[in-house]
Amino acid sequence: MSKVRAATVWLDGCSGCHMSFLDLDERLIEIAGSLELVYGPLVDAKEFPSNVDVALVEGAVGTNEDIERIKKVRERSKILIAMGDCAVTGNVPAMRNSFPVAKVLARAYQENADLNQQTPTVMLPTLLPRSRPIHEVVPVDIFLAGCPPPAGLIYDVIKELLAGRVPDLSIRCRFGA
Ligand code: SF4
């Protein structure tokens with residue numbers, strides 16, 4: 001039987017959700033028998049591939065590049081999991097949403113900088129006016145809340161999907177947990 005093709009994606013997040021994924025520890029070896037990781041920060045693939053079965057996406061959609069990336073992920077993935085509170089609600093990246101982009105950039109690059117106080121203007125993606133949860137941009141199949149979601153919960157979701165079932169997260173998932 002061919003392996004399930006899985007990908008992980010890092011948008012506007014702190015990588016804590018990926019760290020939680022890595023916390024599967026020896027369970028990663030267990031699921032490696034039936035799951036192949038084809039894209040993500042943990043593998044050396046430059047382009048998001050076609051025919052992905054499951055994509056776990058960390059982070060909010062904060063830039064024009066994020067929009068292009070999440071649309072491509074959606075087009076090429078059968079199941080898209082919003083992994084973590086930033087992906088599900090906007091969470092930490094959305095804290096900037098009360099302020100105009102120009103003020104956010106000035107705060108980060110000038111007011112809080114000790115050296116070279118200037119806002120970069122080239123080679124950077126454009127910040128959106130608001131940092132948005134993924135479901136505002138593309139349809140999401142599974143909402144895996146938590147900041148980060150615990151490794152055990154990520155493991156259970158993967159196991160359920162490998163068994164051909166849609167995981168029921170209504171009881172176990174908690175925002176901020
Ligand atoms: Fe980091 Fe929490 Fe956002 Fe995950 S949900 S990327 S751990 S801030």
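These numbers come from the heavy atoms of this one structure, side chains and all, not from hydrogens, waters or symmetry mates. Order of listing sets the numbers, starting from 1, for every ligand and every atom in it.
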When you check the space around atom 1 (Fe) of ligand 1, which protein N, O or S atoms turn up under 2.8 Å?
Cys14 SG

So is Pro93 touching ligand 1 or not, going by heavy atoms under 4.0 Å?
no

Distance in Å, Leu11 CG paired with Ser131 OG, rounded so as to fall on 0.5 Å steps:
9.5 Å

Using atom types as modelled and distance alone, determine if a side-chain donor or acceptor of Asp85 lies under 3.5 Å from a backbone N or O of Ala145.
no

Could you give the distance from CG (Asp156) to CG (Leu161), rounded to the nearest 0.5 Å?
11.0 Å

In this structure, would Leu128 and Val92 fall into the same cluster of hydrophobic residues linked by side-chain contacts under 4.5 Å?
no

Within residues 45-67 or reaching into it, pairs that qualify as salt bridge (charged side-chain N to carboxylate O under 4.0 Å, His left out) - sequence neighbours excluded
Asp44-Lys46, Glu47-Lys72, Glu47-Arg76, Asp53-Lys78

Between the main-chain N or O of Asn51 and the side-chain N or O of Arg5, is there a donor-acceptor pair closer than 3.5 Å?
yes

Check ligand 1 against Gly146 and write out every atom of the ligand that is under 4.0 Å from a heavy-atom position of the residue.
5 (S)

Side-chain heavy atoms nearer than 4.5 Å, only ILVMFWY residues, links allowed to pass through others: does that put Trp10 and Ile79 together?
no

